[in-house]
*Asks:* 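Right, I'll just put the structure down here and ask away after.
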Amino acid sequence: MKCPRTASELTPIKVGGITVEFSKASGGVFFDNYELMHFDEEHEKRGSVLVEHLSQFTPSAIDYSQRINCPKCPDIVMRRYFYSPKNQVEVDECPGCGGMWFDYNELAKIRELFPNQQDRDKAGKDFVLAMLETNIQKSHDMKIQQKDALAQKLQRFFISVF
């Protein structure tokens with residue numbers, strides 16, 4: 001497999017019995033479907049070991065805004081999205097195989113932001129509540145504007161009639 005950022009060969013590494021592929025050129029790492037769950041939380045030793053290993057591969061100038069193809073399914077463009085409602089870390093996921101590409105330091109960032117599943121769940125709930133509050137406020141504001149517009153129409157009507 002090739003690094004989606006540099007086209008260099010990915011290097012397999014076995015961490016705690018699980019093999020992942022990483023790029024020495026970009027410091028990125030590819031997880032097959034469902035592998036990430038063994039690395040993404042702070043208490044997971046595998047993740048700590050992998051983050052430490054990847055930190056030694058500092059990338060040169062890379063344009064992270066470019067869309068990338070999956071290392072495992074080279075004909076498929078990966079879907080880029082924010083990993084969490086906090087909108088701080090973007091990751092790439094293959095719609096074909098479900099594999100995920102993490103650019104340099106992204107794994108470390110999500111481990112820091114969400115040390116465990118409870119923190120991730122809380123961030124999701126906080127996001128939903130914030131969205132609901134925003135939508136409720138917008139709906140309320142829209143109703144007030146509609147009522148004001150109706151009141152102005154009625155006022156003009158009664159002034160013209162009387």
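Source: prediction; values computed, not measured. Every heavy atom of this structure was used, including side-chain atoms; hydrogens, water molecules and symmetry mates were not.
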*Asks:* Please check: side-chain N/O of Arg46 versus main-chain N/O of Gly16, any donor-acceptor pairing under 3.5 Å?
*Replies:*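 Such a contact is found between Arg46 side chain and Gly16 backbone.
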*Asks:* Do Val91 and Val51 belong together in a cluster built from hydrophobic side chains that touch within less than 4.5 Å?
*Replies:*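 As far as the 4.5 Å side-chain criterion goes, Val51 and Val91 are connected within one cluster.
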*Asks:* Just so I know, are the side chains of Glu21 and Val29 near enough to count as touching, which here means a heavy-atom distance under 4.5 Å?
*Replies:*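 When only atoms from C-beta onward are counted, Val29 and Glu21 do not touch, as no gap falls below 4.5 Å.
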*Asks:* A side-chain contact here means heavy atoms from C-beta on lying under 4.5 Å apart; do Tyr104 and Glu106 qualify?
*Replies:*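 Counting from C-beta outward, Tyr104 and Glu106 never come under 4.5 Å.
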*Asks:* Examine Met1 and Met100 and state if one hydrophobic cluster contains both, with Ile, Leu, Val, Met, Phe, Trp and Tyr joined whenever side-chain heavy atoms are less than 4.5 Å apart.
*Replies:*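 No.
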*Asks:* Determine the minimum heavy-atom distance between Leu107 and Asp40, stating which atoms define it.
*Replies:*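 Closest approach of Leu107 to Asp40, heavy atoms only: CD1-CA, 4.4 Å.
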*Asks:* What's the separation between atom SG in Cys97 and atom CD1 in Ile76, rounded to the nearest 0.5 Å?
*Replies:*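 Going from SG on Cys97 over to CD1 on Ile76, the span is 7.0 Å.
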*Asks:* Kindly give the heavy-atom pair with the smallest separation between Pro59 and Ile62, and that separation in Å.
*Replies:*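 Closest pair (atom of Pro59, atom of Ile62, distance): CB-CD1, 3.6 Å.
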*Asks:* Rounded at 0.5 Å granularity, tell me how far CE in Met78 sits from SG in Cys73.
*Replies:*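 One finds 8.5 Å between CE of Met78 and SG of Cys73.
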*Asks:* Quick one: sort the Phe39 and Phe31 rings into parallel, tilted or perpendicular, breaks at 30° and 60°.
*Replies:*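 Phe39 and Phe31: tilted rings.
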*Asks:* Answer yes or no: is there a side-chain heavy-atom contact under 4.5 Å between Gln66 and Arg5?
*Replies:*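 A side-chain contact exists here, since the closest heavy-atom pair is under 4.5 Å.
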*Asks:* Hey, any chance Ile13 and Trp101 share a hydrophobic cluster, counting ILVMFWY side chains that come within less than 4.5 Å of each other, even indirectly?
*Replies:*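 Different hydrophobic clusters.
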*Asks:* Taking it one step at a time, do Gln56 and His53 satisfy side chain to side chain donor-acceptor pair (under 3.5 Å)?
*Replies:* CA-CA 6 Å; Gln56 66 184 310; His53 180 73; 3.1 Å; yes
*Asks:* Any non-hydrogen side-chain atom of Thr6 less than 4.5 Å from a side-chain atom of Ser23?
*Replies:*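 Of all side-chain heavy-atom pairs linking Ser23 with Thr6, at least one is under 4.5 Å.
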*Asks:* How close do Arg79 and Arg67 get, counting heavy atoms only, and between which atoms?
*Replies:*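 The answer is CA-NH2, 4.1 Å.
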*Asks:* Got Arg111 and Ser48 here, is their nearest side-chain heavy-atom distance under 4.5 Å?
*Replies:*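 Yes, side chains in contact.
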*Asks:* So Asp103 and Tyr64, do their side chains get closer than 4.5 Å, heavy atoms only?
*Replies:*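 Yes, side chains in contact.
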*Asks:* With a 4.0 Å cut-off, would you call Asp32 and Lys72 a salt bridge?
*Replies:*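 Looking at Asp32 and Lys72, the cut-off is met.
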*Asks:* Any link between Leu54 and Ile18 through a network of hydrophobic side chains (Ile, Leu, Val, Met, Phe, Trp, Tyr) touching at under 4.5 Å?
*Replies:*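 They do share one cluster, since a chain of ILVMFWY contacts under 4.5 Å joins Leu54 to Ile18.
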*Asks:* Is the closest side-chain donor-acceptor distance between Tyr81 and Glu93 under 3.5 Å?
*Replies:*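 Tyr81 vs Glu93: donor-acceptor pair found between side chains.
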*Asks:* How many angstroms lie between atom NE2 of His38 and atom CG of Leu50, to the nearest 0.5 angstrom?
*Replies:*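 Here the interatomic distance stands at 13.0 Å.
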*Asks:* Check whether any side-chain heavy atom of Cys70 sits under 4.5 Å from a side-chain heavy atom of Pro4, and report yes or no.
*Replies:*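 Side-chain contact under 4.5 Å: no.
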*Asks:* I need the minimum non-hydrogen distance between Gly99 and Phe30, along with the two atoms involved.
*Replies:*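 Smallest heavy-atom distance, with atoms named: CA-CZ, 3.7 Å.
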*Asks:* Compare all side-chain heavy atoms of Cys3 with those of Pro71 and state whether any distance is below 4.5 angstrom.
*Replies:*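 No, their side chains stay 4.5 Å or more apart.
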*Asks:* Out of curiosity, does Val15 fall in the hydrophobic cluster containing Phe102 (side-chain heavy atoms, cut-off under 4.5 Å, transitive links)?
*Replies:*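 Linked, Phe102 and Val15 end up in one cluster.
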*Asks:* What is the distance from atom OG1 of Thr19 to atom NZ of Lys14, rounded to the nearest 0.5 Å?
*Replies:*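 Spacing of OG1 (Thr19) from NZ (Lys14) equals 5.0 Å.
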